[in-house]
Amino acid sequence: LKHIWFIALKDLRLFATDRVALFFSILFPFFFVLLFNFLLAGNITQDERMELYLVTQEPEGGISHQIIGGMVTEEGAELEPGEPKIIQIEDYNEALQAVEGGELAGFLAFPEDFTEGVQMGYGTELRVVVNPDNTYTAAALRGIASSIASRIGAQQVAANVEQLFTGEGSMAGETQINIETQKVGEVEAENPADFVIPGYLVMFVFFTAALSAENIVRERQRNTLERLLASSVRRESIIGGIFAGTAAKGLIQILIFWGAGILIFNIDMGLSPVGVILLSILMVIMSSAFGVMLATLTRTERSASGIGVLTSLVLAPLGGCWWPFFLYPDWLQTIAKVTPHAWATSGFNKLMVFGADLGAVVPEMLALAVFTIIFGVIAVWRFRTSAV
């Protein structure tokens with residue numbers, strides 16, 4: 001342990017005296033944080049107004065036309081905050097093709113025998129056609145369908161009772177469905193720093209650890225590691241010291257990132273700050289294991305530096321460090337899961353953007369642990385102190 005401590009301390013001293021390394025590891029990331037925080041501020045101030053589409057297959061004069069006519073939002077109408085806009089589509093087949101093509105989230109359809117089924121009493125159905133990914137639209141359309149079914153059912157009962165006592169029966173009166181909205185609070189602007197800072201933390205912690213491979217290769221080429229072995233330092237202590245020094249640099253980075261995020265950018269750590277901290281530490285450990293592994297797979301300083309930069313710049317955007325991971329299409333999110341960055345950013349988004357608790361990010365933590373084990377096993381297996 002003493003040898004591990006001295007090797008790690010030596011790496012930290014070199015890091016503290018290297019102004020270029022300090023700049024790119026600590027100051028340079030905040031240039032991107034400030035830039036993207038400024039560009040995104042004000043662009044996500046509130047939720048988009050929901051648009052709900054209705055279509056009927058009935059001919060003119062049917063009850064469905066009365067219902068839709070009473071619900072459609074008129075041109076120029078002022079809507080309350082949160083109130084959806086109701087739009088009528090004339091052709092059912094066109095609406096269906098729009099949903100299949102991804103141009104429309106979904107719609108509510110009245111069948112061609114809607115009026116007959118209501119008047120004759122044998123019943124009818126409303127069809128909700130929706131893209132399965134649009135859960136909010138599906139829920140809203142099902143709610144409207146239930147409201148219509150309830151209202152039509154009540155009116156049908158009233159018509160039947162009237163027929164029993166007067167001998168006259170029809171769907172009398174206007175059939176209209178009213179949508180009521182309730183405002184439960186002000187819509188607060190999302191703080192861009194809540195997903196910008198975690199993304200760049202993941203990117204630059206990994207970047208710094210990957211570039212540490214260059215220093216390890218340099219010491220190997222200069223026979224520094226062999227001299228340590230000759231002075232009775234065990235191979236395991238050398239690996240542990242290098243890993244501990246790299247991890248210590250990462251811990252310094254996350255302390256500065258979260259400190260600046262809280263004090264300057266007013267970020268929200270979510271319901272489980274402990275989860276954010278644990279996820280950050282796992283990211284540091286995984287990145288350190290990758291840095292040591294990379295040093296064992298490269299022979300020259302130039303190749304270690306080049307591969308470190310290349311992997312960092314490729315994995316960062318793919319893993320959701322440059323823009324929110326949850327905005328990716330499903331197929332790209334699936335591909336991105338081959339990177340540790342995607343698991344880390346997904347976990348931070350759950351905790352800091354979507355308000356999840358610690359239990360929700362257990363899969364992300366386990367994934368980072370698996371990456372750490374894979375990188376660590378390769379690093380220990382391939383580690384060598386000689387440049388030959």
Side-chain angles (χ1 to χ4, degrees), residues 1-15 18 20-21 24-25 202-253 281-316 318-319 338-344 366-388:
L1 291 178
K2 181 179 179 181
H3 291 155
I4 292 175
W5 166 254
F6 280 118
I7 293 173
L9 188 61
K10 180 262 301 178
D11 286 347
L12 279 178
R13 287 176 178 173
L14 292 175
F15 179 69
D18 190 342
V20 176
F24 280 101
S25 300
V202 171
M203 174 182 174
F204 281 97
V205 166
F206 188 87
F207 181 74
T208 301
L211 289 186
S212 68
E214 179 183 1
N215 297 328
I216 300 173
V217 173
R218 182 185 303 118
E219 292 192 352
R220 188 173 65 211
Q221 290 181 328
R222 294 177 179 178
N223 299 319
T224 304
L225 301 182
E226 284 194 329
R227 287 197 292 270
L228 286 174
L229 278 178
S231 60
S232 75
V233 179
R234 298 175 60 184
R235 178 176 179 273
E236 292 79 9
S237 298
I238 296 176
I239 299 175
I242 292 173
F243 175 83
T246 306
K249 289 184 281 187
L251 291 175
I252 292 172
Q253 285 180 289
I281 294 174
L282 281 172
M283 182 66 203
V284 168
I285 295 173
M286 180 278 301
S287 301
S288 302
F290 177 84
V292 179
M293 181 196 72
L294 181 61
T296 66
L297 300 177
T298 52
R299 291 186 173 276
T300 65
E301 295 180 45
R302 181 172 297 180
S303 63
S305 176
I307 295 175
V309 172
L310 180 63
T311 54
S312 299
L313 293 181
V314 171
L315 297 183
L318 180 60
V338 300
T339 72
H341 298 58
W343 292 98
L366 290 176
L368 289 178
V370 170
F371 278 109
T372 301
I373 293 172
I374 294 173
F375 296 153
V377 168
I378 296 175
V380 173
W381 173 50
R382 294 274 302 176
F383 187 81
R384 59 188 186 278
T385 57
S386 173
V388 181

ask   = Tell me the ring-ring contact (aromatic ring centres under 6.0 Å, His included) pairs involving residues 226-247, sequence neighbours left out?
value = none

Heavy-atom neighbours of R234 CZ exceed 12 at 6.0 Å = no

key: Straight-line distance of L228 CG to K10 NZ, nearest 0.5 Å   = 7.0 Å

request  = Could you tell me the separation between the CG atom of L368 and the OG atom of S287, rounded to the nearest 0.5 Å?
outcome  = 8.5 Å

remark   = The reported gap from CZ in F6 to CZ in R13 (rounded to nearest 0.5 angstrom) is 8.5 Å

ask   = Residues two or more places apart in sequence or in another chain: which of them pass ring-ring contact (aromatic ring centres under 6.0 Å, His included) with F207?
value = none

query = Is a side-chain N or O of T246 found less than 3.5 angstrom from the main chain of S288, in a donor-acceptor match?
reply = no

request  = Could you list the residues that satisfy side chain to side chain donor-acceptor pair (under 3.5 Å) with E301, not counting sequence neighbours?
outcome  = R218

request  = Can you measure from CD1 (I378) to CG (L294) and round to the nearest 0.5 angstrom?
outcome  = 11.0 Å

request  = Could you tell me whether a side-chain N or O of Q221 sits under 3.5 Å from a main-chain N or O of R299, the two making a donor and an acceptor?
outcome  = yes

request  = Report the distance from atom CE of M283 to atom NE2 of H341, rounding to the nearest 0.5 Å.
outcome  = 5.0 Å

Approximate separation, where rounding is to 0.5 Å, of I216 CD1 and D11 CG = 7.5 Å

query = Would you find a donor on one side and an acceptor on the other, under 3.5 Å apart, between the side chain of S305 and the backbone of R302?
reply = no

